[in-house]
Amino acid sequence: MFSILKTENNARRGRFTTIHGTVETPAFMNVATAGAIKGGLSSYDLADINCQVELCNTYHLHIRPGDKLVKELGGLHKFMGWSGPILTDSGGFQVFSLAKLRKISEDGVTFNSHVDGKKIFMGPKESMQIQSNLGSTIAMAFDECVSNPSDYDYAKQAADRTFRWLQICKDEMEKLNSKHDVVNKNQMLFGINQGSVYDDLRVEHMQQISKLDLDGYAIGGLAVGESKEEMYRIVSALNPVMPQNKIRYLMGVGTPGNIIECVSRGVDIFDCVMPSRNARHGSLFTKKGIININNAKYEKDNLPIDEKCSCPTCKRHSRAYIRHLFKAKEMLAMRLSVIHNLYFYNMLMIDIREALDKGTFSDFYRENVDILDLRI
RNA sequence: GGGAGAGUACCCAAGUUGGCCAAAGGGGGCAGACUGUAAAUCUGUUGUCAGUGACUUCAGUGGUUCAAAUCCGCUCUCUCCCA
């Protein structure tokens, strides 16, 4: 359950307790879509990067290896060899990102599998059943995420549908949790707010879903095409109407600067593919800004990626070596880079929590919010 | 010594009925993008200098032609075959 330890203006320092362990918030969830953090990290690497929670994907695991198989093998935690908290995304985002391969109806969405083209149907009931089979700590409601810009009518339609689906998800989850042979009887459910960039839709939708007394509330459908000013405005508009005593999750966000901005607007947890994906592409985060390790200027650079970083990569390796590994297409390049970037993100959250504990978050904000997103 | 074939940009390689060729396509190089992961991906650029144009290029050299990477002579280099 969630408790707030301290606040500073709208920012919250909290603690989220689950049957798989405690999450100190604000926190970043490390994305492991298909049951692994891309770039070759194993569960035994996670302590080294200060990972508290992993995020896996319902759609991907349903397609491969299949949620029934995962259940048969003892659930996702056992399968992955990770005993800490796992949040499973519902597959709702794939409705959006696989837009070319889908058809939406009131009951759910018909997809073509990106793996073999096979037709797959997923709706709120199916998503809950799959997530129950996976046995994650937290299940996400099945929502419809619209791209921005999106016209008002369509945004409203999608938000309304997301609310109807949420009610189905809640009923289904209660039913599943009461069954005797489920992997995790205590599986939690988070609802997702939609409404594009329209403040009134967002607020109204949040008020609707708040009444359902869920384990947590997420803001979805941001960082999907709108400006960051619009994103901040929506988060600010939602802050007063979100349940105060429930954990708040901003889905898919973002850059270090986005995270600092949204912590200051009352968000507790985040997830984003940016640190891992960008790491695989050579884009690395430092306290002075973002570097591209592939650049020729690092050819003879004997310094670590970030002089102030004490991650396993920075403790041992130089920029020149990591650049070489990228040029030589060695898979170690990605592994070392992903380790660094995720350590950077998890450390950013540790620094944010420490600042909140000490009551110095506004100083931390001022010193970091702009420079961390700079490309240098 | 005799015969056959080949030399194209950093590398490999297309182009050889002469013009639409500064020259396809790869690779490599340089740079950019990436926000609930169809992403070890994608995009741009890669003769020189200026920048809606000019100049120098297709082993070297000399020709033919209004026009040559493309046709002809010679030279050099490499590969294969026969001695």
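No hydrogens, no waters, no symmetry mates; every other heavy atom, side chains included, goes into these values. Chain naming here is simple, since letters A, B, ... match the order of the sequence lines and numbering starts at 1 in each.
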Where the side chain of [X] is concerned, which of [options] is the nearest nucleotide?
X        : options                : result
A:Lys327 : B:rG36, B:rG29, B:rA33 : B:rG29
A:Gln194 : B:rG32, B:rU37, B:rG36 : B:rG36
A:Ile192 : B:rG32, B:rU35, B:rG36 : B:rG36
A:His114 : B:rA38, B:rA39, B:rG36 : B:rA38

Does [X] reach the main-chain N or O of [Y] with its side chain, forming a donor-acceptor pair under 3.5 Å?
X        : Y        : answer
A:Asn368 : A:Phe364 : yes
A:Asn346 : A:Ile49  : yes
A:Asp306 : A:Lys287 : yes
A:Asn341 : A:Pro275 : yes

Mind calculating the distance between [atom1] ([X]) and [atom2] ([N]) to the nearest angstrom?
X        : N      : atom1 : atom2 : result
A:Phe96  : B:rU37 : CZ    : P     : 11 Å
A:Ile376 : B:rG32 : CD1   : C1'   : 16 Å
A:Asp89  : B:rA38 : CG    : P     : 10 Å
A:Ile293 : B:rG32 : CD1   : C1'   : 16 Å
A:Asn193 : B:rG36 : CG    : P     : 18 Å
A:Phe111 : B:rU37 : CZ    : P     : 12 Å
A:Glu299 : B:rG28 : CD    : P     : 17 Å
A:Asp373 : B:rU35 : CG    : P     : 14 Å

Integer angstrom distance from the [atom1] of [N] to that of [M]:
N      : M      : atom1 : value
B:rG7  : B:rC71 : P     : 11 Å
B:rG19 : B:rG73 : C1'   : 24 Å
B:rA6  : B:rG27 : P     : 28 Å
B:rA9  : B:rU43 : P     : 27 Å
B:rG60 : B:rC12 : P     : 16 Å
B:rG44 : B:rG26 : P     : 11 Å
B:rA83 : B:rA67 : C1'   : 46 Å
B:rA69 : B:rC21 : C1'   : 8 Å

Is any N or O donor-acceptor pair between the side chain of A:Asp143 and the base of B:rG36 shorter than 3.5 Å? yes

Can you find an N or O donor on one side and an acceptor on the other, under 3.5 Å apart, linking the side chain of A:Ser97 with the base of B:rU37? no

Base, sugar-phosphate alone, or nothing: which one does [X] contact when heavy atoms must sit under 4.0 Å apart?
X        : value
A:Gly40  : nothing
A:Arg102 : nothing
A:Ser283 : base

Give a yes/no on whether any side-chain N or O of [X] is located under 4.0 angstrom from OP1 or OP2 of [N].
X        : N      : result
A:Asn295 : B:rC30 : no
A:Lys329 : B:rG28 : yes
A:Gln94  : B:rU37 : yes
A:Arg277 : B:rU35 : yes
A:Asn278 : B:rU35 : no
A:Asn292 : B:rG32 : yes

Position toward the 5' end of RNA chain B (nearest nucleotide), A:Ala141 or A:Met331: A:Ala141

5'-most contact on RNA chain B: A:Arg375 or A:Val115, nearest heavy atom basis? A:Arg375

Any idea how A:His77 and A:His20 line up, ring-wise: parallel (<30°), tilted (30 to 60°), or perpendicular (>60°)? parallel

Whether A:Tyr152 and A:Tyr198 hold their rings parallel, tilted or perpendicular, with breakpoints at 30° and 60°: perpendicular

Would you mind pulling out the nucleotide paired to [N], Watson-Crick or G-U wobble, both distances under 3.5 Å?
N      : value
B:rC58 : none
B:rG44 : B:rC30
B:rU65 : none
B:rC49 : B:rG53

Identify the two heavy atoms, one from A:Met334 and one from A:Arg280, that lie closest to each other, and give their separation to 0.1 Å. SD-CG, 3.5 Å

Can A:His281 be said to stack with the base of B:rU41, given centres closer than 5.5 angstrom and planes under 30 degrees apart? yes

Checking one residue: A:Met29. Which other hydrophobic residues are in its cluster under the side-chain 4.5 Å linking rule? A:Met1, A:Phe2, A:Ile4, A:Phe16, A:Val23, A:Val31, A:Val53, A:Leu55, A:Leu87, A:Ile138, A:Met140, A:Met188, A:Phe190, A:Ile192, A:Ile247, A:Tyr249, A:Met251, A:Ile269, A:Val273

